[in-house]
Structure formats: C-alpha cells, structure tokens
Amino acid sequence: MPHHQYVLTLSCPDRPGIVSAVSTFLAHNGQNIIDAQQFDDAETGRFFMRVVFNAADLAVTLPVLQTGFAAIAERFGMTWQMRDRAARRKVMLLVSKSDHCLVDILYRWRTSELAMIPTAIVSNHPRETYAHLDFGDVPFHHLPVTRETRREQEAAILDLVTETRTDLVVLARYMQILSNETSAKLSGRCINIHHSFLPGFKGARPYHQAHEHGVKLIGATAHYVTSDLDEGPIIDQDVERISHRDTPDALIRKGRDIERRVLARAIRHHLDDRVILNGRKTVVFMD
C-alpha cells in the first residue's frame with residue numbers, strides 16, 4: 001500500500017453538491033482520488049460515500065486535511081471520519097469454548113490478511129481450555145462470569161478496552177449475552193457472529209433444531225452488537241445447501257466453516273472502513 005493513503009467515509013442528508021464539494025476539496029489540497037463509492041438511500045434520504053485517496057503533489061498532513069474538511073462536513077451535516085489506512089486498528093477477541101473463529105482470526109492476522117493489532121484474548125474459560133493453541137505475545141485474560149458477577153465481569157472487560165485503547169471488540173463465538181449497558185458503550189465497534197442466517201433457530205442446540213426441521217440451508221450472520229439480541233445491523237451473511245443425508249455433526253462442521261468466513265469478512269470490512277451504519281442497517285462498500 002502506498003504511503004500516506006487515506007480513506008474518508010461519510011453519511012449525511014442527501015442534497016446536490018456533496019460529491020462536487022468532496023472532490024473539489026481533495027483536489028485543491030493536492031490529493032489524488034484512487035477509489036470512490038457512493039450510495040443514495042432513497043428510503044431514508046441519506047447519502048453515503050467512501051473515498052480512498054493519496055497525495056499527488058503537495059505534502060499535506062492528515063490533521064490539516066481533517067481540519068479543512070470539517071467546514072464542509074458542517075455545511076452538509078455529515079457524520080464522517082478521515083484516517084490513514086496504514087494505521088492498524090486495535091482488536092480485542094472474546095471467546096468461549098468453541099475456538100474455531102478465534103483460530104481463524106489469529107491465522108488471518110499472522111498472514112496479514114487482517115490488518116489489525118490484537119490487544120487481548122478474553123475468555124470466560126481458563127487458559128487450559130486452549131492449551132493446544134499458540135497465542136504468541138497476545139495477552140490472555142480469564143474473566144469467569146456468573147449471573148451474580150456479570151456486572152463486575154463486564155466492567156473488567158470495558159476497563160481492558162479502555163486500557164488497551166481497543167478500537168473493535170469481536171465476539172468470536174463468545175457465548176455470553178452482553179448487557180444493554182455494555183452493548184451501548186460498544187455501539188458500532190463490537191461485532192458478533194451468529195450461528196444462523198438470521199432469523200433462525202434460537203436457544204440451545206440450534207443445529208439439532210435445524211436437523212429436526214429438515215432445513216435445506218444453514219448459514220451464519222455477522223452483525224454489530226446492540227441491546228436487541230441478535231438483531232443488530234448486519235454486516236455480512238452466507239449460507240450453504242445441505243440435504244437429508246447431513247447429520248447434526250455434519251451441520252456443525254459445515255456451520256463452523258461458514259461462521260469462520262463470514263466473521264472474517266465482517267472484520268475485514270470494518271477494518272478497511274467499508275461499513276457505514278444506516279439506522280438498523282448498514283451500507284457495505286465491497287472491494
């Protein structure tokens with residue numbers, strides 16, 4: 001990736017002149033647009049845009065660009081951010097007994113597929129649960145939880161988020177429901193992977209329920225965490241066809257594969273500033 005490549009994302013009420021204002025500002029500040037995507041949501045009347053750019057002639061710093069763009073953002077009522085694409089976001093991974101998503105994320109990080117900095121692995125199970133896994137230098141925190149200690153445990157998680165300056169929290173098959181208070185504090189920066197193509201079978205043993213109902217598709221959904229359980233803004237989904245020959249164990253095996261790839265795509269989209277919240281939905285600018 002070229003040095004000093006920046007990305008601008010924005011949303012605002014739709015009106016004439018937005019694209020012109022953005023492109024004119026960048027051109028006047030010596031920036032060259034590499035990629036630009038936009039979407040006009042006719043239902044909500046909001047406009048969404050993602051622009052990747054770098055310096056063409058002038059060595060203008062990011063803070064100068066941010067300060068200059070603030071006036072345009074105010075004029076159009078924008079919610080926006082502008083950042084250096086080389087600056088890796090810090091990610092905290094929460095996990096329970098099932099470790100397939102955790103292993104996959106760590107692999108993609110080590111192979112540079114996911115451009116991030118893991119700040120911690122947090123689990124409600126002890127380190128011995130993952131004795132077969134190499135976490136390297138990533139700190140591990142065992143934070144057990146019961147119904148009586150949930151408030152204190154979540155407070156400890158939030159303290160870790162603050163101490164490590166974590167940008168994104170990923171529930172990598174973390175089988176605990178976050179409280180409304182914690183969900184609100186992590187709004188827009190906490191991704192969960194769900195074991196179905198929502199809406200789906202809720203409660204215990206979802207794959208066994210699916211098998212009993214003779215389903216022909218299984219899937220997974222990655223979404224932002226909100227106080228509405230499993231109803232947060234969806235980032236990515238995928239499905240796989242199955243048949244009457246598939247046992248519950250086969251469904252679990254195939255489900256793990258879907259969960260891994262869906263969660264990885266959702267994390268990558270978030271890290272690359274491709275996701276913009278749109279009320280209860282998201283706008284995802286695909287690569």
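Fair warning: this is a prediction, and the values are worked out from it, not measured in the lab.
Other members of the hydrophobic cluster containing L178, listed by chain and number, are M92, L94, V122, L143, I157, L158, L160, V161, V169, L171, Y174, L186, V225; membership follows side-chain contacts under 4.5 Å among ILVMFWY residues, whether direct or relayed.
Between the S11 side chain and the F48 main chain, no donor and acceptor come within less than 3.5 Å of each other. Side-chain atoms of R127 come within 3.5 Å of backbone N or O of Y130 as a donor-acceptor pair. Here the side chain of T149 pairs no donor or acceptor atom with the backbone of E152 at under 3.5 angstrom. Panel note: side chain D272, backbone R274; no donor-acceptor pair is recorded below 3.5 Å. Within the 3.5 Å criterion, the main-chain N or O of S179 finds a donor-acceptor partner in the side chain of E154. Between the side chain of Q66 and the backbone N or O of M82 there is at least one donor-acceptor pair closer than 3.5 Å. T24 places no side-chain N or O within donor-acceptor distance of the main-chain N or O of A21, the cut-off being under 3.5 Å. For the pair S123 (side chain) and H125 (backbone), a donor-acceptor distance under 3.5 Å is present. Using a distance-only test at 3.5 Å, with no hydrogens or angles considered, a donor-acceptor pair links the side chain of T129 to the main chain of P126. With Q31 contributing its side chain and N29 its backbone, the two residues share a donor-acceptor pair below 3.5 Å.
For the atom pair I18 CD1 and M49 CE, the distance stands at 9.0 Å (nearest 0.5 Å). Rounding to the nearest 0.5 Å gives a distance of 13.5 Å between SG of C12 and CD of E74. Atom CZ in R261 sits 11.5 Å away from atom SG in C101 (nearest 0.5 Å). Atom CG in L102 sits 5.0 Å away from atom CD1 in I121 (nearest 0.5 Å). Interatomic distance, S183 OG to N192 CG, rounded to the nearest 0.5 Å: 9.5 Å. N278 CG to T44 OG1: the interatomic distance, rounded to the nearest 0.5 Å, is 4.5 Å.
Checked by atom type, the side-chain pair D257/H100 shows no donor-acceptor distance below 3.5 Å. In this structure, a donor-acceptor pair under 3.5 Å is present between the side chains of T166 and T119.
Side-chain heavy atoms closer than 4.5 Å link hydrophobic residues (I, L, V, M, F, W, Y) into clusters, and following such links, even through other members, never connects I276 to I234. Both M286 and L271 sit in one connected hydrophobic cluster of ILVMFWY residues. Membership requires side-chain heavy atoms under 4.5 Å apart, directly or through other members. No path of Ile, Leu, Val, Met, Phe, Trp and Tyr side chains, each step under 4.5 Å between heavy atoms, connects V283 with V51, placing them in separate hydrophobic clusters. In the hydrophobic clustering of this structure, V64 groups with F53; members are Ile, Leu, Val, Met, Phe, Trp, Tyr whose side-chain heavy atoms approach within less than 4.5 Å, directly or through other members. Note on W80: it clusters hydrophobically with V60, by side-chain heavy-atom contacts below 4.5 Å among ILVMFWY residues.
F39 and F47 have their aromatic ring centers separated by at least 6.0 angstrom.
Taking the side chain as every heavy atom from C-beta outward, R15 and F76 approach each other to under 4.5 Å. Contact of the R108 side chain with the D104 side chain is registered, since non-hydrogen atoms from C-beta on lie closer than 4.5 Å. R151 places a side-chain heavy atom less than 4.5 Å from the side chain of E181. Two residues are said to be in side-chain contact when any heavy atoms from C-beta on lie closer than 4.5 Å; V91 and I117 fail this criterion. The shortest side-chain heavy-atom distance between I242 and L251 falls under the 4.5 Å cut-off. In this structure the side chain of Q237 reaches within 4.5 angstrom of the side chain of T221, judged on heavy atoms. Between V19 and Q38, the closest side-chain pair of non-hydrogen atoms falls below 4.5 Å. Contact of the L263 side chain with the I191 side chain is registered, since non-hydrogen atoms from C-beta on lie closer than 4.5 Å.
Ion pairing between a basic and an acidic side chain is recognised when a charged N comes within 4.0 Å of a carboxylate O; R189 and D167 show no such pairing. Between D14 and R46 there is no salt bridge, since none of the side-chain N atoms of the basic residue sits less than 4.0 Å from a carboxylate O of the acidic one. Taking a cutoff of 4.0 Å between a charged side-chain nitrogen and a carboxylate oxygen, D238 and R265 qualify as a salt bridge. In this structure, R173 does not pair ionically with D99, as no charged nitrogen and carboxylate oxygen lie closer than 4.0 Å.
Minimum heavy-atom separation, I193 to A220: CD1-CB, 4.1 Å. Contact between P144 and H142 at its shortest, heavy atoms only, is CD-O, 3.4 Å. Nearest heavy atoms, Y6 versus D84: CD2-CA, 3.6 Å. The two atoms that bring S227 and N180 nearest to each other are CB-OD1, 3.3 Å, heavy atoms only. Across every non-hydrogen atom of S96 and N124, the tightest pair is OG-OD1, 2.9 Å.
Few gaps surround CZ on R110; more than 12 heavy atoms of other groups in view lie less than 6.0 Å from it. Residue I177 qualifies as open at atom CD1: its count of foreign heavy atoms under 6.0 Å is 12 or below. At most 12 heavy atoms of other shown residues, nucleotides or ligands fall within 6.0 angstrom of atom CZ in R205.
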* Can you list the steps and then say if L93 with F135 is a side-chain contact (heavy atoms from CB on, under 4.5 Å)? -> CA-CA 12 Å; L93 305 172; F135 292 160; over 6 Å; no
* Asked: Does the pair H223 and I235 meet the rule for a side-chain contact (heavy atoms from CB on, under 4.5 Å), with working shown?
  -> CA-CA 5 Å; H223 61 93; I235 306 170; 5.5 Å; no
* Does the side-chain contact (heavy atoms from CB on, under 4.5 Å) test come out yes or no for W109 and V138, once each step is laid out? -> CA-CA 12 Å; W109 160 63; V138 182; 4.0 Å; yes
* For L114 and R268, what are the C-alpha separation, side-chain angles and deciding distance, and is it a side-chain contact (heavy atoms from CB on, under 4.5 Å)? -> CA-CA 6 Å; L114 290 177; R268 186 168 63 249; 3.8 Å; yes
* To do: Apply side-chain hydrogen bond (donor to acceptor under 3.5 Å, both in side chains) to the pair D273 and Q81, showing each step before the final yes or no.
  => CA-CA 9 Å; D273 301 286; Q81 69 168 1; 2.7 Å; yes
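A salt bridge (charged side-chain N to carboxylate O under 4.0 Å, His left out) check over residues 25-43, counting only residues at least two apart or in different chains, returns the pairs D35-R50, E43-K281.
Ring geometry for Y224 versus H270: interplanar angle over 60°, hence perpendicular rather than tilted (30 to 60°).
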